[in-house]
Amino acid sequence: MYWVQRAAHSLDIAEKVYQDLASQFSQMPTDKTHLILEDDEDSYQSSATPMLSPNIILSLHPPSNILNAEGNDKWLDTLIRHEYTHIVHLELNDRAVTRARDISGCQLLLFLHELTPDFLVEGLAVYMDKQGYYDSFSAMQMRMEVASGQLADLSQEVNQVVVDNSLLPSGMVYLYGAYFIDYLTKTYGEEALQHFLTDYSGYLIPSFFLNRSARHALGRVSYRSYNAVFRSNCAK
């Protein structure tokens with residue numbers, strides 16, 4: 001009975017998340033995404049896979065600092081929103097990529113966003129799951145980075161930072177990526193961000209046209225040029 005209720009509640013949240021993201025992304029997946037609930041590990045990490053049969057695996061163990069049903073619902077909404085953002089984002093395709101998928105099926109190289117820097121992939125998911133509002137803990141982490149005088153360079157992999165890497169998986173791509181996406185939307189707007197994502201989704205060579213898409217949608221020569229402005233903005 002518990003599992004039936006839990007599954008039904010998770011699906012209700014997932015449907016709301018779908019409607020929210022459909023109003024923010026220019027394209028949504030055509031296939032249904034399978035939502036798999038797990039309760040066999042003491043971990044709150046989850047995962048999303050867009051290829052072949054899109055699925056999200058959710059661990060039902062919330063973080064230890066969540067003590068009530070309201071907090072648990074908020075955590076579950078955040079988790080589903082984060083993972084489904086990955087599905088929507090990584091599934092994006094346009095022009096030549098769409099035609100290539102129709103011919104050859106779902107090949108890894110035709111999921112262009114799978115092969116972009118991690119801080120863009122995780123940053124977008126965190127930006128969406130926080131819905132534009134950053135908690136005091138995230139703000140504290142970024143203040144620590146700025147105060148250290150060693151603010152990471154986004155043109156490099158964001159793995160070597162001052163804040164303890166154990167606080168978040170894979171270094172701090174989540175923190176830096178979210179603030180980077182937030183900076184782009186506040187500076188250029190949500191439509192420009194979606195234009196960037198959609199434009200890049202149509203090129204057959206992964207990563208090679210990332211800078212060109214940034215130039216078309218956002219106006220700068222390359223995403224590296226955003227790095228200097230972003231670093232300066234964080235330091236204010």
Side-chain angles (χ1 to χ4, degrees), residues 17-18 20-22 24-29 33 44-52 54-58 78-94 97 101 106-132 134 138 141-142 152-161 163 165 167-185 188 190 192-214 217-218 222-224 226-227 230:
V17 167
Y18 178 90
D20 290 346
L21 294 185
Q24 295 173 286
F25 280 90
S26 60
Q27 181 186 96
M28 294 296 285
T33 299
Y44 56 88
Q45 301 298 325
S46 297
S47 63
T49 303
M51 290 180 289
L52 299 179
N55 69 80
I56 294 172
I57 300 176
L58 295 178
T78 297
L79 196 63
I80 293 174
R81 195 174 297 271
H82 183 101
E83 299 301 341
Y84 194 57
T85 295
H86 283 324
I87 296 291
V88 178
H89 177 200
L90 301 179
E91 169 67 23
L92 289 173
N93 62 95
D94 198 29
V97 174
R101 284 192 190 180
C106 296
Q107 305 295 324
L108 174 60
L109 292 179
L110 298 179
F111 285 79
L112 282 297
H113 294 276
E114 280 271 20
L115 304 171
T116 54
D118 287 345
F119 79 86
L120 289 177
V121 175
E122 294 299 344
L124 182 63
V126 173
Y127 174 79
M128 291 296 184
D129 76 46
K130 291 186 179 298
Q131 302 178 71
Y134 293 91
S138 297
Q141 288 180 304
M142 184 54 76
D153 187 336
L154 291 183
S155 64
Q156 308 295 324
E157 285 295 325
V158 187
N159 287 321
Q160 301 300 318
V161 293
V163 177
N165 285 353
L167 293 173
L168 286 173
S170 302
M172 297 300 284
V173 293
Y174 292 72
L175 177 67
Y176 275 77
Y179 272 84
F180 182 69
I181 296 296
D182 183 64
Y183 160 73
L184 291 183
T185 57
Y188 302 98
E190 295 277 356
L193 173 65
Q194 290 302 321
H195 183 194
F196 166 57
L197 296 175
T198 301
D199 185 75
Y200 177 67
S201 301
Y203 292 111
L204 282 171
I205 304 176
S207 298
F208 187 77
F209 290 100
L210 193 63
N211 289 336
R212 177 180 292 186
S213 293
L218 306 170
S222 72
Y223 86 86
R224 286 176 180 269
Y226 295 102
N227 182 57
F230 168 71

Minimum heavy-atom distance between [X] and [Y], given as atom pair plus value:
| X | Y | answer |
| --- | --- | --- |
| Val88 | Pro29 | CG2-CD, 3.9 Å |
| Ile181 | Gly123 | CG1-C, 3.7 Å |
| Leu92 | Arg101 | O-NH2, 3.8 Å |
| Ala217 | Ala192 | CB-O, 3.7 Å |
| Tyr84 | Thr33 | CE1-OG1, 3.4 Å |
| Thr85 | Ala125 | CG2-CA, 3.7 Å |

Check whether any side-chain heavy atom of [X] sits under 4.5 Å from a side-chain heavy atom of [Y], and report yes or no.
| X | Y | value |
| --- | --- | --- |
| Leu110 | Leu204 | yes |
| Leu193 | Tyr188 | no |
| Phe25 | Glu91 | no |
| Phe209 | Leu112 | no |
| Val121 | Leu90 | yes |
| His86 | Pro50 | no |
| His89 | Leu197 | yes |

Keeping the roles fixed (side chain from Thr185, backbone from Asp182), state whether a donor-acceptor pair exists under 3.5 Å.
->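 Flag set: sc Thr185 to bb Asp182 pair under 3.5 Å.
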
Where the side chain of Glu83 meets the backbone of Ile57, is there a donor-acceptor pair that is under 3.5 Å apart?
->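 Flag not set: sc Glu83 to bb Ile57 has no pair under 3.5 Å.
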
Roughly how far apart are [X] [atom1] and [Y] [atom2], rounded to 0.5 Å?
| X | Y | atom1 | atom2 | value |
| --- | --- | --- | --- | --- |
| Met128 | Thr78 | CE | OG1 | 14.0 Å |
| Leu124 | Gln24 | CG | CD | 9.5 Å |
| Leu79 | Asp129 | CG | CG | 8.5 Å |
| Leu108 | Leu115 | CG | CG | 5.5 Å |
| Asp118 | Tyr174 | CG | OH | 8.5 Å |
| Arg81 | Leu21 | CZ | CG | 6.0 Å |

Parallel, tilted or perpendicular for Phe180 and Tyr183, by the 30°/60° rule?
->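 Ring orientation of Phe180 relative to Tyr183: tilted.
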
Side-chain donor-acceptor pair under 3.5 Å between Glu122 and His82, yes or no?
->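 Glu122 vs His82: donor-acceptor pair found between side chains.
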
Indicate whether the side chain of Tyr203 and that of Ser213 have a donor and an acceptor atom separated by less than 3.5 Å.
->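 No - no donor-acceptor pair under 3.5 Å links their side chains.
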
